[in-house]
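To start, the structure under review is shown below, and the notes come after it.
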Amino acid sequence: MSLLSVVVPCYNEEETVNLFYDALIRVVKPMDLEYEVIFVNDGSKDTTLSKLMELYKSDEGHVKIIDFSRNFGKEGALLAGLRAAKGDYVTVMDADLQDPPEYLPKMFEVMEANGDDVVGTRRVTRKGEPKIRSWFARQFYRLINRYTEVEIVDGARDFRLMKRQVVDSILSLEEYGRFSKGLFVWVGYQCEYLEYENIERVAGETKWSFWKLFRYALDGIIEYTDMPLSIASWLGGCLTLVMGFILLVMLVRSLFGAAITGNAVVIALVLFMGGAILLSSGIIGEYLAKTYDEVRKRPHYIVKKFYE
Ligand code: UDP
Ligand code: MG
């Protein structure tokens, strides 16, 4: 029988882990599969770990827990889970039931029927989400799809069913920046998306603040395209040309006796230039920071204990 690994990152999910586990088991038990559920406790500050330990003890053999030494973020948790997963099929799910386990059998069906290597899911609506957040999300997908080599489907969730080979490919990528949404697509393979309407969290609240999401989107863009760097040099080049021309005109005019006037214009130009330079060095700084991360090669997470 084939083995299905379910990877679940958890950060302060005391209210949801039991609900999630029950819902998952109800779906997975009747399927013709062996299964393992790998919970990654991402430094929760509530009772998530003890809730997970209860599951671990009551369902010996199916539940595994990777306990981090602190909160390292969802990307690190995903990576740890994928590394530990031994399944012929691997799926990634949120603990809050926003990724409905009921879709699993359907995902297997589609995979079987069409010979896909990956079956992903995407939300076609974002109801229950703040409007401004949805707007920024749309802009993010527009940007990343236009300017990078990876095409990330709008609303694609991390919830996906992957064959062993796909997971091995993802793990073989050695870069430090683990922007999973990008890595999942970058490795290629035949992939299909099931669509569904947004489902709100069963309990607890989102762990992603607006700024955390904004930073996450920025990371995604910087890791997959050099386009912002070329904006900087393009802007710099244009400015130099235009300014050079203006200076030349002023010089010629002053040679013919015209007084150079208009302090306001000069101040505006100086500020404009200053802004452009700051923008450019800021963009370069972002890439430099990424390079620093890559070179430093710190681990993405530290495992305090692995309950196998
Ligand atoms: N998560 C995590 N570490 C973090 C933040 C979130 O492991 O630092 C987990 C969280 O427990 C959940 C999943 O990632 O299982 C998605 O988080 P959440 O539901 O808060 O995000 P949203 O669905 O609101 O985007
Ligand atoms: Mg959620």
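All ligand and atom numbering here is 1-based and tracks the order in the structure.
Between Asp158 and the choices Arg122, Arg123, Lys181, the salt bridge (Lys or Arg N to Asp or Glu O under 4.0 Å) rule is met once, by Lys181. The residue from Asp46, Thr16, Asn41, Val17 that alone fulfils the side-chain contact (heavy atoms from CB on, under 4.5 Å) condition with Lys51 is Val17.
Here the shortest heavy-atom distance to atom 3 (N) of ligand 1, taken over Leu213, Asp42, Asp158, belongs to Asp42. By heavy-atom distance, the residue among Glu13, Glu75, Arg157 lying nearest atom 10 (C) of ligand 1 is Glu13. Of the options Asp96, Thr48, Val92, Leu97, the smallest heavy-atom separation from atom 19 (O) of ligand 1 is shown by Asp96.
For ligand 1, the atoms sitting less than 4.0 Å from at least one non-hydrogen atom of Asp94 are 13 (C), 15 (O), 16 (C), 23 (O), numbered in the order shown with element in parentheses. Residue contact check: Lys212 has heavy atoms under 4.0 Å from atoms 8 (O) of ligand 1.
A donor-acceptor distance shorter than 3.5 angstrom exists from the side chain of Thr291 to the backbone of Tyr287, with no hydrogens or angles considered.
Between Glu13 and Ser44, the closest side-chain pair of non-hydrogen atoms is not below 4.5 Å.
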Which atom pairs, donor and acceptor, lie under 3.5 Å between side-chain atoms of residues 84-95 and protein residues at least two apart or in another chain?
unit_1: Asp88; atom_1: OD2; unit_2: Leu3; atom_2: N; d: 2.7
unit_1: Thr91; atom_1: OG1; unit_2: Arg160; atom_2: O; d: 3.0
unit_1: Asp94; atom_1: OD1; unit_2: Lys74; atom_2: NZ; d: 3.1
unit_1: Asp94; atom_1: OD2; unit_2: Arg157; atom_2: NH2; d: 2.9

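In terms of N/O distances under 3.5 Å, ligand 1 is approached by Pro9. For a threshold of 3.5 Å applied to N or O pairs, the pair formed by Arg133 and ligand 1 contains no separation below that value.
Around the Mg ion (ligand 2), the protein N, O or S atoms found under 2.8 Å comprise Asp96 OD2, Gln98 OE1.
For the residue pair Arg83 and Tyr301, a side-chain donor N or O sits within less than 3.5 Å of a side-chain acceptor on the partner.
A cation-pi arrangement is absent between Arg253 and Phe256 under the rule of less than 6.0 angstrom and at most 45 degrees off the ring axis.
Taking atom 5 (C) of ligand 1 as the reference point, the nearest protein heavy-atom neighbour is Lys207 CB, 3.6 Å. Summary of contacts: the protein heavy atom closest to atom 22 (P) of ligand 1 is Thr206 OG1, 3.7 Å. Nearest protein heavy-atom neighbour of atom 17 (O) of ligand 1: Trp208 NE1, 3.5 Å.
No more than 12 heavy atoms of other residues, nucleotides or ligands shown are found within 6.0 angstrom of NZ on Lys305. Asn114 CG: more than 12 foreign heavy atoms inside a 6.0 Å radius.
Under 4.0 Å from ligand 1, not a single heavy atom of Val8 appears.
By the 30° and 60° cut-offs, the orientation of the rings of Tyr21 relative to Phe39 is tilted.
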